[in-house]
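Within every chain, numbering begins at 1; the chains are lettered A, B, ... in the order of the sequence lines, protein sequences first and strands thereafter. Model, not experiment: these values are computed from the prediction.
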Protein chains: 2
Amino acid sequence: MHPIIEYLSKYIKLSDDQAEAIVTGSKIQEFKKKEIILRPGEVARNCYFILKGCIKTYYLVDGEEKVTGLFTEGEPLVPVSYATGEKSDYFVEAIEPCITSLGSNIKTDELFDRIPEMKNVSLVIGGEIMARNQVSYDTFRTLPPEQRYKKLRETRPDLCNRIPQYTLASYLGIKPESLSRIRKRMQEKVV
Amino acid sequence: MHPIIEYLSKYIKLSDDQAEAIVTGSKIQEFKKKEIILRPGEVARNCYFILKGCIKTYYLVDGEEKVTGLFTEGEPLVPVSYATGEKSDYFVEAIEPCITSLGSNIKTDELFDRIPEMKNVSLVIGGEIMARNQVSYDTFRTLPPEQRYKKLRETRPDLCNRIPQYTLASYLGIKPESLSRIRKRMQEKVV
DNA sequence: CAATGTCATTGACTTAAGTTAAGAAAGCAC
DNA sequence: GTGCTTTCTTAACTTAAGTCAATGACATTG
């Protein structure tokens, strides 16, 4: 089964015809490692469903990368700029070689015409993304750096291994040196 | 004009009949200062549009209040629990005496039947809430405590005056003592 | 109006993250 | 493989937030 259909199957029973229409209608786009998908000042014309690879979103503050989001296989990435139609404030960049399926406003309208039920699905998925964002937000807000790292190891252990430490540190809101020290502290406690 | 209709007018042109239906169909609920609106473990059956007053959302971590959200007049408050149907992880509590207009799943379904266009409005409003959340999230992530406070004074100066310092401190992710010191430091620079 | 409770500030001290700089380890290109 | 870049770690020092404790301001209540 196509990954997109598998993803949607949680929300809606699609006929074979409908599934076929979605898959053949969906555009695939690939990105090289370090390829920039969206820059500040640009308006996002697409959102992305990640089939393979890993993408980060980040701000450039005084020349420093501030990572605010990490996305991997099976996750939808909806740039704020796509939702609002305004210029993006941040970068979207492939950390690994990526294969994504594109969503666009035009495609979405066509889809809603063809399968009206998808409007409800969008509302539900939107609610879920919002809820997930909120949880991630609240974790960051309520925990100090060291505990954020521990939490991340529990909830997304895959990330800790596949992503450069300095990117992970930025995502945790600390400097690479601090992450290094945290890791060392944790090691010592285990021994 | 009713505040809810004024709010919706940004998104949809409602006939007088439709506006009438929404206003008469909407339930008003008031809360006393310090009244708890939602507790961890409970499932939210309502979302709220704030007509008057101020509401905070917070986690209780080791007996300590960790404020993650502050909402005032004209803002919609959608508990994660309302969106997901799962038990809440956090408290929702009135900081000031509040007057709110309730939204509920049943009401929403009725509304969608009556005014199908409202489904599109929900999608748009949902996108906007998500975008606003993201901006607030990213501000917190990318700025250190002192700058978070400065930013908050720029973007929501009202909050800094109407809310207790210890609540504000918690919202900024610091202790009241630290906020006190930050304020002192800022004063000294002005003089 | 005294007594109590709530909230904000201050000071002394601790802790952990930031900064700067240097060097080690790993990955990549030629 | 050699050399180069990128990434990670370590160390010494600085800075700012956390902690603990005391005090002061203010509002609320009996």
Side-chain angles (χ1 to χ4, degrees), chain A residues 32-36 54 56 58-59 61-67 70 93-97 139-153 159-191, chain B residues 32-36 54 56 58-59 61-67 70 93-97 139-153 159-191:
Chain A
K32 280 178 259 176
K33 184 174 174 173
K34 300 207 176 185
E35 187 170 348
I36 293 178
C54 184
K56 66 179 168 184
Y58 63 96
Y59 293 75
V61 183
D62 304 327
E64 203 182 346
E65 228 180 88
K66 302 278 190 177
V67 178
L70 294 171
E93 179 179 331
I95 300 185
E96 301 172 3
T139 301
F140 195 91
R141 262 195 131 102
T142 57
L143 298 180
E146 180 162 350
Q147 298 203 34
R148 291 206 280 265
Y149 177 62
K150 286 180 184 165
K151 190 95 183 179
L152 191 69
R153 290 191 54 139
L159 276 188
C160 302
N161 297 321
R162 82 194 268 187
I163 287 188
Q165 297 294 314
Y166 70 92
T167 301
L168 206 57
S170 176
Y171 181 65
L172 292 168
I174 56 178
K175 303 283 161 190
E177 294 90 333
S178 291
L179 180 54
S180 223
R181 279 188 293 240
I182 287 172
R183 284 153 57 90
K184 198 178 177 187
R185 255 180 274 155
M186 285 174 64
Q187 256 184 327
E188 280 163 5
K189 277 183 188 166
V190 174
V191 177
Chain B
K32 280 178 259 176
K33 184 174 173 172
K34 298 206 176 186
E35 187 169 348
I36 294 177
C54 184
K56 67 180 169 185
Y58 63 96
Y59 292 75
V61 182
D62 303 328
E64 203 180 348
E65 228 181 88
K66 303 277 190 180
V67 177
L70 294 172
E93 181 179 328
I95 300 185
E96 302 173 1
T139 301
F140 196 92
R141 261 196 132 102
T142 57
L143 299 180
E146 181 162 348
Q147 299 204 34
R148 291 206 281 265
Y149 177 62
K150 286 180 185 166
K151 191 96 182 176
L152 190 69
R153 289 189 55 137
L159 276 188
C160 302
N161 297 320
R162 83 195 267 187
I163 287 188
Q165 297 294 314
Y166 70 94
T167 301
L168 207 56
S170 176
Y171 181 65
L172 292 168
I174 56 178
K175 303 285 161 189
E177 295 91 329
S178 292
L179 179 55
S180 221
R181 279 187 292 242
I182 287 172
R183 285 153 57 90
K184 199 179 175 187
R185 252 181 276 156
M186 285 175 63
Q187 257 183 326
E188 281 162 5
K189 277 183 188 169
V190 174
V191 177

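- Atom CD of A:Q165 is separated from atom C1' of C:dA25 by 13 Å (rounded to the nearest Å).
- Separation of atoms NZ (B:K56) and CG (B:L168) is listed at 11.5 Å; rounding is to 0.5 Å.
- Taking 4.0 angstrom as the limit, B:R185 places a side-chain polar atom (N or O) nearer than this to OP1 or OP2 of D:dA17.
- Between the C1' atom of D:dT28 and the NZ atom of B:K34 lies a distance of 12 Å, rounded to the nearest Å.
- No donor-acceptor contact under 3.5 Å links the side chain of B:R181 to the base of C:dG11.
- For the pair B:R141 and A:Y171, the cation sits on the ring face: its NZ or CZ lies under 6.0 Å from the ring centre, inside 45° of the axis.
- Without hydrogens or angle criteria, A:S170 side chain to A:V67 main chain gives a donor-acceptor distance under 3.5 Å.
- The side chain of B:K175 lies closest to D:dT19 when the candidates are C:dA17, D:dT19, D:dC8.
- Of all nucleotides listed (C:dG11, D:dA17, C:dA17), C:dG11 comes nearest to the side chain of B:K184.
- Comparing C:dC28, D:dT9, D:dT19 by their nearest atom to the side chain of A:S180 picks out D:dT9.
- Judged by the 6.0 Å and 45° rule, B:R183 forms no cation-pi pair with B:Y149.
- Rounded to an integer number of Å, the gap from CZ of B:R183 to P of C:dA8 is 8 Å.
- Atoms CD1 (B:I163) and P (C:dT6) sit 20 Å apart, rounded to a whole Å.
- Computed from coordinates, the A:M186 CE to C:dA17 C1' distance equals 17 Å when rounded to whole Å.
- Distance, B:E64 CD to D:dC20 P: 11 Å, rounded to whole Å.
- Comparing B:E177 and B:I182 against DNA chain D, the residue whose closest nucleotide sits nearer the 5' end is B:I182.
- Taking atom CD on B:E65 and atom C1' on C:dT6, their separation rounds to 14 Å, with Å as the unit.
- Distance from the side chain of B:I174 is smallest to D:dG18 among C:dA8, D:dG18, D:dC8.
- Take the nearest nucleotide of DNA chain C for B:P164 and for A:P144: the residue whose nucleotide is more 5' is B:P164.
- How far SG of A:C54 is from CG of A:L70: 6.0 Å, rounded to the nearest 0.5 Å.
- Rounded to an integer number of Å, the gap from CZ of B:R148 to C1' of D:dA17 is 11 Å.
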